[in-house]
Amino acid sequence: MTWKTMDYTGWGRVHRANGDVARPERASALKALLADAPAPAIGMRRSYGDACLNDGGRAIDMTRMDRVLSFDVESGLLHVEAGAQIGALLKIFAPSGWLPPVMPGTGFATIGGAIAMDVHGKNHHGAGSFGCHVSELTLMTPKGPKVASAEKNANLFKATIGGLGQTGPILSAKVQMLKAKGDVMVVTERRVDGWDEFLGLLDRSDATYTVGWIDATARGDQLGRGILEEAETGGGLVPAAKRGKRIPMDAPGFTLSPAVVRTFNAAYWRRVPEAGRTVVKPIDDFFFPLDKIHDWNRLYGKSGFHQFQCVVPIAAADKLRAMLDRIAGSGLASPLAVLKRMGPGRAGFMSFPMEGYTLAVDFPNRTAAERLIKELEKATAEAEGRIYFAKDSLASAGDLSGMYDEHAQWLKAVKAIDPDGAYETDLTRRLKLRSA
Amino acid sequence: MPQTWIILGATSTIARGFARDAAGRGDGVVLAGRDVDDMKATAADCAARGAPVAEVIAFDARDPASFEPILKRAAKIEGTISAAVFVGSMPPQEDIDADPSLIDGVIADSYTGPARFLTALAPIMEERRSGTIVGVGSVAGDRGRLGNYVYGSAKAGFHAYLSGLRNRLGRSGVHVVTVKPGTVDTAMTWGLDKLPFLAPPEKVVGDIMKAVDKKKDVLYTPFIWWPVMTIIKLIPERIFKKMQI
């Protein structure tokens with residue numbers, strides 16, 4: 001059977017979709033699907049909101065098209081099908097000294113998803129976004145494959161990277177892998193006492209990989225306390241990370257109650273000695289710490305959760321501090337909160353990154369949290385920042401004004417390849433991204 | 001000694017996973033099937049994962065003339081030659097009931113084609129006194145039932161053939177594993193309703209690799225199918241003929 005009628009969700013499990021999903025395994029099957037009726041491509045559905053949903057319509061699950069089509073051991077240039085997962089590529093190539101150039105927080109994300117969201121990682125300040133390392137894309141169209149790069153079909157290329165799948169399914173991509181010193185991570189962890197110190201440390205960090213965990217429940221003098229992690233690849237021997245614990249059921253509502261989170265966060269912060277420490281970790285343990293627990297999203301119970309992520313310009317740091325203050329005051333945050341300095345690197349018209357600071361905080365799905373996130377989105381607009389489509393599930397079209405300044409160029413390229421809006425998703429409809 | 005797998009039906013979901021795992025272990029693969037373009041992508045994938053040999057040859061279970069080039073190639077590859085057979089076809093039983101001429105194709109794909117190929121390959125393996133044959137049958141071959149008895153009968157024939165082949169080749173140090181998968185989450189089963197114990201292909205591939213390493217004779221995968229089929233086989237025909245399972 002070609003189509004399977006199913007219910008599916010994004011990672012946050014707040015939005016749901018019901019519709020027909022196909023899961024082709026060969027390029028010829030994908031082409032036949034599009035020739036019949038074009039539909040948006042989805043991957044591992046690690047986007048939190050509705051970017052990967054097409055409620056009432058069709059979608060094409062690309063996860064079975066996950067083969068390496070070529071790899072040059074000398075140059076590190078990889079040609080890979082779009083359904084391949086970042087973590088799987090890490091596993092194949094790290095032993096020979098090559099890493100995916102940019103790794104998001106989960107190794108389960110596909111190459112197609114990484115491109116469509118132009119994802120960033122802990123090396124964004126130096127390496128830029130994922131799309132910065134993509135030299136060529138092959139899209140599948142109803143008429144067959146179509147190649148795009150910075151030289152050929154340049155607008156289509158820039159509209160596809162960070163383009164939320166609106167230019168059609170990505171069949172394959174050429175990605176420049178990154179040379180690594182070895183396949184372990186040497187990680188220095190430092191306790192940070194408060195906001196100003198945190199920004200200072202992030203500004204000065206010259207490590208290849210830098211990320212801050214932030215205690216989004218700490219208030220007053222302790223506002224912005226957290227742990228700074230700086231890391232480099234290195235050689236050495238550590239046992240491979242153990243994979244594969246599952247969350248067997250949806251957790252009850254009190255699992256992430258404010259008191260539990262505050263207690264957990266305080267203990268987590270003290271886990272790192274006051275003087276800091278340097279540890280050696282398996283590579284996937286550093287990049288994908290949560291992948292060890294499959295389905296960790298079930299910890300938020302059956303009503304799901306939201307993640308708020310924004311980036312604001314350097315000059316708007318105070319406004320970001322005010323946002324964190326609001327979050328801490330609400331007592332609604334979960335332990336998952338990240339602060340990072342971003343560089344300017346972005347590769348598509350609709351890419352999220354900008355030079356500045358990015359803050360990401362998870363919230364269990366409650367009415368109060370939804371209200372807070374709406375406020376934070378307004379504050380982001382006032383700070384001339386951006387909210388991230390891979391995470392957002394609450395914004396409405398009006399909230400975005402001015403955030404994505406190359407939207408018009410994107411829309412033009414998208415309309416050229418998909419005039420009928422066949423690749424629209426619940427997200428593009430909610431945010432009215434496809435209407436001028 | 002290097003090992004190279006001849007993989008028949010290499011475009012199937014499980015075969016693709018098997019080729020990938022074999023490559024990851026450092027084994028070579030010769031992919032044989034009908035969609036050459038698709039197999040080229042799988043061959044590239046296997047090469048990237050470490051397969052020293054990753055080749056593609058056209059193969060059609062219904063066309064014995066296509067067997068010869070593969071057998072010739074196998075004879076030239078040094079080291080241990082092994083074979084894994086993933087071919088088979090299962091048109092809906094209603095279609096067969098309406099057009100009995102479909103039966104010949106089902107039998108050729110699921111039984112006579114692979115049996116003829118393996119019988120021709122056997123002397124090469126006997127001569128080298130090493131190697132493994134993985135023959136993928138089906139739990140459907142354990143008992144003929146309403147829903148797919150032509151497919152089931154072809155697989156039953158293949159099971160009996162593999163059992164005899166094991167008896168023969170065991171004397172030369174060649175091992176034969178009969179694999180009986182239940183329902184697996186593949187392109188063939190995508191969108192079918194209410195499949196019991198649906199297994200991901202990686203699980204089935206992992207079980208097959210373990211069975212190869214341990215020289216298991218008959219593998220039910222996932223394991224739950226062993227007790228299930230044991231019970232189904234025990235039901236007296238008098239009762240079974242009235243059942244809908």
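Please read these numbers as outputs of a predicted model, since none were measured by experiment. Here is the naming used below: chain letters follow the sequence lines, and residue numbers restart at 1 for every chain. Only this structure's heavy atoms are used, side chains among them; waters, hydrogens and symmetry mates stay out.
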Inset, instruction - Report, as yes or no, whether the 6.0 Å neighbourhood of atom NZ on A:Lys302 holds more than 12 heavy atoms from other residues, nucleotides or ligands. - result: no
Inset, instruction - Please say whether more than 12 non-hydrogen atoms of neighbouring residues, nucleotides or ligands are located less than 6.0 Å from CH2 in B:Trp226. - result: no
Legend entry - chain A interface, residue from B:Cys46, B:Ala48, B:Ala187, B:Gly50 that has the most non-hydrogen pairs under 4.5 Å: B:Ala187
Inset, instruction - Please identify each residue that fulfils side-chain hydrogen bond (donor to acceptor under 3.5 Å, both in side chains) with B:Ser89, with sequence neighbours left out. - result: B:Asp109
Inset, instruction - Report yes or no: does A:Arg67 contribute a side-chain atom to a donor-acceptor pair with the main-chain N or O of B:Asp38 at less than 3.5 Å? - result: yes
Legend entry - Per-residue contact mode, A:Ser172 against chain B (heavy atom under 4.5 angstrom): neither
Inset, instruction - Decide, yes or no, whether a salt bridge links A:Lys4 with B:Asp193 under the criterion of side-chain N to carboxylate O below 4.0 Å. - result: no
Inset, instruction - May I ask you to decide if A:Val21's main-chain N or O and B:Trp190's side chain share a donor-acceptor pair within less than 3.5 Å? - result: yes
Inset, instruction - Would you mind telling me which of B:Thr11, B:Asp37, B:Leu192 has the largest number of heavy-atom pairs within less than 4.5 Å of chain A? - result: B:Thr11
Inset, instruction - Give a yes or no answer on whether the side chain of B:Asp45 reaches the backbone of A:Val68 with a donor-acceptor pair at less than 3.5 Å. - result: yes
Legend entry - Contacting region of B:Thr189 [heavy-atom separation from chain A under 4.5 Å]: neither
Inset, instruction - Determine which residues belonging to residues 16-35 of chain B lie within contact range of chain A, meaning some heavy atom pair is under 4.5 Å apart, and list them by number or answer 'none'. - result: B:Arg16, B:Arg20, B:Asp35
Legend entry - Exceeds 12 heavy-atom contacts within 6.0 angstrom, atom CZ of B:Arg116: no
Legend entry - Interface moiety of A:Asp66 toward chain B, non-hydrogen atoms closer than 4.5 Å: both
Legend entry - B:Arg49 side, atom CZ; A:Phe71 side, atom CZ - distance, nearest 0.5 Å: 13.0 Å
Inset, instruction - Assess whether atom CE of B:Met243 is packed by more than 12 heavy atoms of other residues, nucleotides or ligands within 6.0 Å. - result: yes
Legend entry - Residue pair A:Arg64 / B:Thr13, side-chain donor-acceptor N/O under 3.5 Å: no
Legend entry - Contacting moiety of A:Leu69, where chain B heavy atoms sit under 4.5 Å: both
